[in-house]
Amino acid sequence: MKLQSFVVFSNTHLKLLASFVTLLLVFGASSYLQQQQQQGYYPTTSKARNMTKKLNNGVGKRAGDGPVLAYWIYGSSGDGERILRVLKASYHPRNEYLLLLDSSSSWEERRDLAVSIQSDPLFSEFNNVNVVGRSYAVNQMGGSGLAAFLHASALLLKISTNWDWFITLSASDYPLMTQDDILHAFTMLPRDLNFVHFTNRSNENEQVKQVVVDPSLYNRENSPVFYATGTRNAPNTFNIFAGSPWVILSRSLIDFVVKGWDNLPRKLLMYMSNVASPMEFYFQTLICNSPGFQNTTVDSDLRYVMSKNESLEAVLLLMNKMVGNFQKEDDHVLMEVDNEILNRSMNGVVAGKWCLQRRNESSRANDDDYGNWDINSVEPSPRGVKMGLTLSRLATQRLTCPTTF
């Protein structure tokens, strides 16, 4: 199999957000995949062709169209198949997707993931699925987890500036709604809205006093965090806030963090690199100490953590949760979600109006002629309509950050 042309970017330049060195290379599968240990990411096909197609289809350009979502889907060793399953369950041609297997995975696992994306004609045609080629250590309990989050958001900004919200999905997550339902619900919302859950705790300052070191920031392999013997004073130039590590962020907030015209995101990043579970503090603290974003937050992460052996009936009652977090042993529940909620076949993507409409036009229609399908078509189910009403109501109840909880 010969893989198509791809664009790679210097990882160092990505981190600095400076000038990017762009190389266009055409290789066979073997030589191409060997580059992943040295390159940042590789898309599935020609980016120029894809962007022209999306512009011609009017993605995000026509009044009344739905938003574009940017998904970062990540996992560790053994998670390649689960990442593919999450991707297919959350796929829509309008969106952008970035996949990461961290350094605990083998080179073969990362190769297989890249080949799976490259060889899928749907992903290649719409060219909206990219894989991080250069893996690195990630520990969600330490600063490396936050660094990986920011790296992914910077990559997605470089890949496209056409998206509206940044959403993270781990290999343990799974959508509880179709993309047609989600895109419909988010169409009704102001594009500056952020979904960030806050917890009403009074010991945030005590938690950040403990100094934590994350070796995954400087080691190639994933390593556990360790606690220093000393402590430090709580900050007095900004207030600490805490909450859920799962967030859905507007592109305007990601721009603010990544492009860095204010110094607070950088100072806060340096401070949080020595905090345990910094994703539980970083964005809550950033938003509430940044006047331009203090009134942009809904106090919800739109996620549901499944209890062990919980049945699908509990999921069906949820009208304000977009994503569920499942245990690995809950595969039978995921199959029920596929059958009862997403209507997804074993190895297929979730069928939305964008493809059903084309397939119903004529029995002679070429199902592989993706370029002629209207990817702006969205048809919500009753669950999607209810979700839209719920989010619209939540949008009127924005959190006003207090000085202290």
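As the structure is a computational prediction, the values presented were derived from the model and not from experiment.
Checked for salt-bridge contact, R82 and D331 miss the test: no charged N lies under 4.0 Å from a carboxylate O. Ion pairing of K386 with D181 is absent here, as no side-chain N (NZ or NE/NH1/NH2) approaches a carboxylate O to less than 4.0 Å.
A donor and an acceptor atom, one from each side chain of S252 and D255, are nowhere located under 3.5 Å apart. No side-chain N or O of N325 forms a donor-acceptor pair with one of Y174 less than 3.5 Å apart. Between N222 and D102, the side chains place a donor N or O and an acceptor N or O closer than 3.5 Å (distance only, hydrogens not considered). Side-chain contact check for N194 and T296: at least one donor-acceptor pair (N or O, by modelled atom type) lies under 3.5 Å.
In terms of the salt bridge (Lys or Arg N to Asp or Glu O under 4.0 Å) criterion, residue partners of D79 (sequence neighbours excluded) are, by chain and number, K328. Partners of Y282 by ring-ring contact (aromatic ring centres under 6.0 Å, His included), not counting sequence neighbours: none found. Scanning for side chain to side chain contact (heavy atoms under 4.5 Å, CB included) contacts around K209 gives E206, A234, with sequence neighbours left out. In this view, N347 and K88 satisfy the side chain to side chain contact (heavy atoms under 4.5 Å, CB included) rule, not counting sequence neighbours. Residues that satisfy the ring-ring contact (aromatic ring centres under 6.0 Å, His included) test with F293, not counting sequence neighbours, are F256. Residues passing the side chain to side chain contact (heavy atoms under 4.5 Å, CB included) test with E379 are D180, K353, sequence neighbours excluded. Contacts of R344 classified as salt bridge (Lys or Arg N to Asp or Glu O under 4.0 Å), with partners at least two apart in sequence or in another chain: D338. A search for salt bridge (Lys or Arg N to Asp or Glu O under 4.0 Å) contacts involving R232 returns nothing, not counting sequence neighbours. With sequence neighbours excluded, the residues forming a ring-ring contact (aromatic ring centres under 6.0 Å, His included) with W72 are Y74, listed by chain and number. Residues satisfying the ring-ring contact (aromatic ring centres under 6.0 Å, His included) criterion with W163, sequence neighbours excluded, are absent altogether.
A pairwise comparison of heavy atoms in K321 and R303 identifies CD-O, 3.2 Å as the closest pair. Taking each heavy atom of I83 and G75 in turn, the nearest pair found is CD1-N, 3.5 Å. Heavy atoms only, all atoms of each residue included: Q284 and S244 are closest at NE2-O, 3.0 Å. When all heavy atoms of V196 and I287 are compared, the closest pair comes out as CG2-CD1, 3.8 Å. Here the shortest heavy-atom pairing between F281 and A276 reads CE1-O, 3.7 Å. For the pair G80 and L101, the tightest heavy-atom approach, listed with the atom from each and the gap, is N-CD2, 4.0 Å.
Within the 4.5 Å cutoff, the side chain of I73 has no heavy atoms near those of the L100 side chain. Between S103 and R220, every side-chain heavy-atom pair lies at or beyond the 4.5 Å cut-off. Side-chain contact between L342 and V337 is present, with heavy atoms from C-beta onward closer than 4.5 Å. Counting heavy atoms from C-beta on, the side chains of N130 and I159 come closer than 4.5 Å. In this structure the side chain of L193 reaches within 4.5 angstrom of the side chain of R398, judged on heavy atoms. Using a 4.5 Å cut-off on side-chain heavy atoms (C-beta onward), V323 and S90 make no contact. Looking only at side-chain heavy atoms (C-beta outward), I254 and L157 come within less than 4.5 Å of each other. Counting heavy atoms from C-beta outward, Y71 and E96 have side chains that stay 4.5 Å or more apart.
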Where do S135 and W107 land on the side chain to side chain contact (heavy atoms under 4.5 Å, CB included) test, with the steps shown first?
CA-CA 9 Å; S135 187; W107 183 85; over 6 Å; no
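For residues 210-238, the set of pairs meeting the ring-ring contact (aromatic ring centres under 6.0 Å, His included) definition, not counting sequence neighbours, comprises F238-Y271.
For M188, the CE atom is densely surrounded, since the number of other residues' heavy atoms within 6.0 Å is greater than 12. Taking a 6.0 Å sphere around CG of N343, one finds it holds 12 or fewer heavy atoms contributed by other residues, nucleotides or ligands. Residue E81 places its CD atom among 12 or fewer non-hydrogen atoms of other residues, nucleotides or ligands, all under 6.0 Å distant. Within 6.0 Å of CG on N233 lie no more than 12 heavy atoms contributed by other residues, nucleotides or ligands.
Distance alone, capped at 3.5 Å, is enough to place a donor-acceptor pair between the R383 side chain and the L176 backbone. A donor-acceptor contact shorter than 3.5 Å is absent between the side chain of S300 and the backbone of H197.
Note on ring orientation: taking the six-membered ring where Trp is involved, the planes of W165 and F186 are perpendicular (angle over 60°, cut-offs 30° and 60°).
For an aromatic pair to be called close, the ring centres must be under 6.0 Å apart, and Y97 with F123 fails this.
Note that the CG atom of D262 and the NZ atom of K267 stand 8.5 Å from one another [nearest 0.5 Å].
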For residues 138-150, please give each side-chain donor-acceptor pair under 3.5 Å, one per line with the distance, not counting sequence neighbours.
{"from": "N139", "atom 1": "OD1", "to": "M141", "atom 2": "N", "distance (Å)": "2.8"}
{"from": "N139", "atom 1": "ND2", "to": "S223", "atom 2": "O", "distance (Å)": "2.9"}
{"from": "S144", "atom 1": "OG", "to": "N139", "atom 2": "N", "distance (Å)": "2.8"}
{"from": "S144", "atom 1": "OG", "to": "N139", "atom 2": "O", "distance (Å)": "3.4"}
{"from": "S144", "atom 1": "OG", "to": "D214", "atom 2": "OD2", "distance (Å)": "2.6"}

